[in-house]
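Structure, as structure tokens:
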Amino acid sequence: MTSGDNSVKQEEAKKSLNFIEVIVENDLKEGKNDGRLQTRFPPEPNGYLHIGHAKAICMDFGIAQKYGGICNLRFDDTNPVKEDVEYVDSIMEDIRWLGFEWANLYYASDYFQQLWDLAVRLIKQGKAYVDEQSAEEIARQKGTPTTAGTESPYRNRSVDENLALFQAMTDGKVEEGKMVLRAKIDMASPNMHFRDPIMYRVINHPHHRTGTAWKVYPMYDYAHGQSDYFEGVTHSICTLEFVVHRPLYDWFIDQFADSDYRPRQYEFNRLNLTYTMMSKRKLLQLVQEGLVRGWDDPRMPTISGLRRRGYTPRSIRSFVDKIGYTKYDGMIDMALLEHAIREDLNATAPRVSAVLDPIKLIITNYDAGKTETLLAENNPEDESAGNREVTFSGELFIERDDFMEDAPKKYFRLTPGNEVRLKHAYIVKCTGCKKDEAGNVLEVYAEYDPLSKSGSGTEESKRKVKGTIHWVSAADYLDAEVRLYDRLFTVPDLDAEKDKDFRELLNPESLIVRTGCKVESSLASAKALDNFQFQRLGYFNLDPDSTPDKLVFNRTVSLKDSWSKVKDK
RNA sequence: UGCCCCAUGGUGUAAUGGUAACACACCGGUUUUUGGUACCGUUUUUCUAGGUUCGAGUCCUGGUGGGGCAACCA
């Protein structure tokens, strides 16, 4: 086989391109727009970014990176009523956290004067007019998707009159809702967006950047394409709901373009995830109504929520890479997101011992008061992670469900007469338990095999026993609160339950707080957001609420659990 | 009842007009001092009817189904 065959093989092994990458490669090859590639990520600062935005960010920044172009961050801040610097700051933080950096930082509000000048130009060309009708009247005249609209009685007034009225709007002499500037296009167009779209409206609300300098604000359809044009964007990538806006995007740009350069809009499918939702409006409602603890509540699909939950930037990028970009409006299984974080944390998270629902295990043949120090590996997937010391003693905490007095056949844990390995320590044989009058188990008893110590090299230490359980020494532990999270909603597809208010579908058990949990003392040095694997339980991180006196952990995701499936049979 | 977009296993995604593949999920097994990981395997796929072609998941036409569009939101 020649080396040429090898290179072809490698080529084939390369991940296939998505349809936007195909377009970009072709445009670059053809030298379109002087062979430049420039994208932008254009959020409106009216909320926190969510995992759906992460998909867009990976596209906008990723494709520029891949093909040697640039990607800018532009805040689409044309509606001061909804926007705030709090959102501007969080958006920048989240993009950086995901691992991306913009070439330039822009604001649509930087273009307010330019946009206004162009609007005046359009008026002078007789292609825009001031309408004095109410919002209701304008909506009525818009027609319906199946019937043509009717023209406004103000549609044909003189250029001079339009100029004077637009100036009056600009000077703050017109009340909100009394006048708008509309493009004069076609009230009978089959595309609703062409029925004389509104370009400017009066808003008397301070803007987070321009203050009270402006009384008129441009609408999305007018501002977005022009902003792209001003900046030199070549590929304006957005989501599918903007497909019907594209002809208008092109129309506005054609009105003003003074060269062959054109930005082009391309649309991909939005991210839909099972058991959650991406509506910024509804997420805001959850926050404002106190149904979650904030935008960064670990149950939220926001970037900040996922970060606090314990998701890593790498896991989110890997997830986005797995789901791909198409024009098909589907629904991604939350299990794929969970797979991505398990895959990452399995390779990187230090293993520690934590008991969430503790019960005492007394080793009756171990000297009372004695302790010894054992060595525990930090990560079996990563030898370089090294070892740590843990304390062993005759009294331990173990999980309540690691003991059963009457156990089913395939139960490999503590049950009278059965042997298990205590992780990193000894093999113990269960001898019984103590119960209260109600039959609740208070303590479990066992005897250990002194020769079975982990790593001691003895024959006994190499004995195979069916089960291994984790434990924390009652002589050396820290108390902790552990927050167990589950899916935010009870149904996979919220849109399929249109008859119900989404708040009725919230999962009442999406957060369960466990207190009095016992964790190994090495966790005293954990820092906020540090990831760990609590052995046999799942991946957890230290919540920012945590203090040295009161440790708080979040469960990012549980370990896959084939026992629960066996058990339920 | 207009315009636009879409249709490949359970869920996503791939396949110069030439053997339908990958990931997740599921089920079964091997290994295991985590009922984890890793590894192996089973089951399951081109919406429909025509047409073009030696050959169609791919091209054409008609159906069917899903989504979007009638904010002074983006």
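Below, read A as the first sequence line, B as the second, and so on, with proteins coming before strands; counting in each chain starts at 1.
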**Study point:** Residues E399(A) and R536(A) bridged, charged N to O under 4.0 Å
**Key:** no
Check your understanding: Ignoring hydrogens and angles, are the base of rG68(B) and the side chain of E267(A) linked by a donor-acceptor pair under 3.5 Å?
Key -> no
Revision key, fill the gap. Nearest-nucleotide check on RNA chain B, D76(A) vs F534(A); residue mapping nearer the 5' end is F534(A)
Review point. Rounding to the closest angstrom, what is the interatomic distance between rC60(B) and rC5(B) at atom P?
Key: 12 Å
Review point. If you check the Y411(A) side chain, which of rG35(B), rG12(B), rC72(B) turns out closest?
Key: rG35(B)
Review point. Is any side-chain nitrogen or oxygen of K560(A) closer than 4.0 Å to OP1 or OP2 of rA25(B)?
Key: yes
Review point. What interatomic distance, in whole Å, is found between P of rU13(B) and the corresponding atom of rC6(B)?
Key: 13 Å
Check your understanding: Is R209(A) close enough and on-axis enough to Y107(A), meaning under 6.0 Å and within 45°, for cation-pi?
Key -> yes
**Study point:** rU43(B) to rA21(B) separation - P atoms, rounded to the nearest Å
**Key:** 13 Å
Practice item. For rU58(B) and rU1(B), measure between their P atoms and round to the nearest Å. Key: 32 Å
Review point. Under 4.0 Å between a side-chain N or O of K464(A) and OP1 or OP2 of rU33(B)?
Key: yes
Point to revise | Any N379(A) side-chain N or O less than 4.0 Å from OP1/OP2 of rU37(B) | key: no
Check your understanding: With no angle test and no hydrogens, is the base of rG35(B) tied to the side chain of R413(A) by a donor-acceptor pair under 3.5 Å?
Key -> yes
Review point. Are D221(A) and H245(A) linked by a side-chain donor-acceptor pair shorter than 3.5 Å?
Key: yes
Revision key, fill the gap. Partner of rG62(B) under the Watson-Crick or G-U wobble criteria, both distances under 3.5 Å, comes out as rU48(B)
Check your understanding: When all nucleic acid strands are considered with a 4.0 Å heavy-atom cut-off, which category describes D333(A): base, sugar-phosphate, or nothing?
Key -> sugar-phosphate
Review point. At under 4.0 Å, does any side-chain N or O of K565(A) touch on OP1 or OP2 of rC27(B)?
Key: yes
Exercise for review: Searching all strands shown, indicate the nucleotide that pairs with rU8(B) (Watson-Crick or G-U wobble; both distances under 3.5 Å).
Suggested key: none
Check your understanding: When you compare rC4(B) with rU61(B), how far apart are their P atoms, in angstrom units rounded to a whole number?
Key -> 13 Å
Practice item. Test for a donor-acceptor pair under 3.5 Å between the base of rU33(B) and the side chain of R421(A), counting only N and O atoms. Key: yes
Practice item. May I ask you to verify if any side-chain N or O of S564(A) is less than 4.0 angstrom from the OP1 or OP2 atom of rG35(B)? Key: no
**Study point:** hbond_proxy R351(A) side chain to rU34(B) base (donor-acceptor, 3.5 Å cutoff)
**Key:** yes
Study note, to complete from the structure: Rounded to whole Å, CG of L271(A) lies from P of rU11(B) at a distance of 16 Å
**Study point:** rG66(B) versus rU8(B) - spacing of their C1' atoms, nearest Å
**Key:** 15 Å
Practice item. Evaluate whether the aromatic ring of Y328(A) and the six-membered ring of the rA7(B) base sit under 5.5 Å apart, centre to centre, with an inclination under 30°. Key: no
Review point. Step by step, would you call Y249(A) with D228(A) a side chain to side chain donor-acceptor pair (under 3.5 Å)?
Key: CA-CA 10 Å; Y249(A) 175 98; D228(A) 283 346; 2.7 Å; yes
**Study point:** Residue met sooner reading RNA chain B from 5', once P218(A) and R246(A) are mapped to nucleotides
**Key:** R246(A)
Review point. Can you find an N or O donor on one side and an acceptor on the other, under 3.5 Å apart, linking the side chain of H193(A) with the base of rA71(B)?
Key: no
**Study point:** C1' gap between rU45(B) and rC40(B), integer Å
**Key:** 23 Å
Practice item. Could you go through the side-chain contact (heavy atoms from CB on, under 4.5 Å) check for T239(A) and F268(A) one step at a time? Key: CA-CA 5 Å; T239(A) 44; F268(A) 63 82; 3.8 Å; yes
**Study point:** G-U wobble or Watson-Crick pairing nucleotide for rC69(B) (cut-off 3.5 Å, both distances)
**Key:** rG2(B)
Exercise for review: Take atom CE of M199(A) and atom P of rA74(B), then tell me their distance rounded to the nearest Å.
Suggested key: 13 Å
Check your understanding: Looking at S562(A), does any N or O in its side chain come under 4.0 Å of the phosphate oxygens OP1/OP2 on rG36(B)?
Key -> yes
Revision key, fill the gap. To the nearest 0.5 Å, atom CG of N272(A) lies from atom CG of D493(A) at 8.0 Å
Check your understanding: Rounded to whole angstroms, how far apart are CD on Q141(A) and P on rA70(B)?
Key -> 17 Å
Check your understanding: Is any side-chain N or O of T326(A) closer than 4.0 Å to OP1 or OP2 of rU13(B)?
Key -> yes
Review point. In whole Å, what separates the C1' atom of rA56(B) from that of rU46(B)?
Key: 11 Å
Review point. Between M334(A) (CE) and rA25(B) (P), how many Å, whole number?
Key: 14 Å
**Study point:** Nucleotide nearest I332(A) when distance is taken to its side chain, options rG67(B), rU37(B), rG12(B)
**Key:** rG12(B)
Point to revise | Contact check, side chains of I51(A) and L271(A), non-hydrogen atoms, under 4.5 Å | key: yes
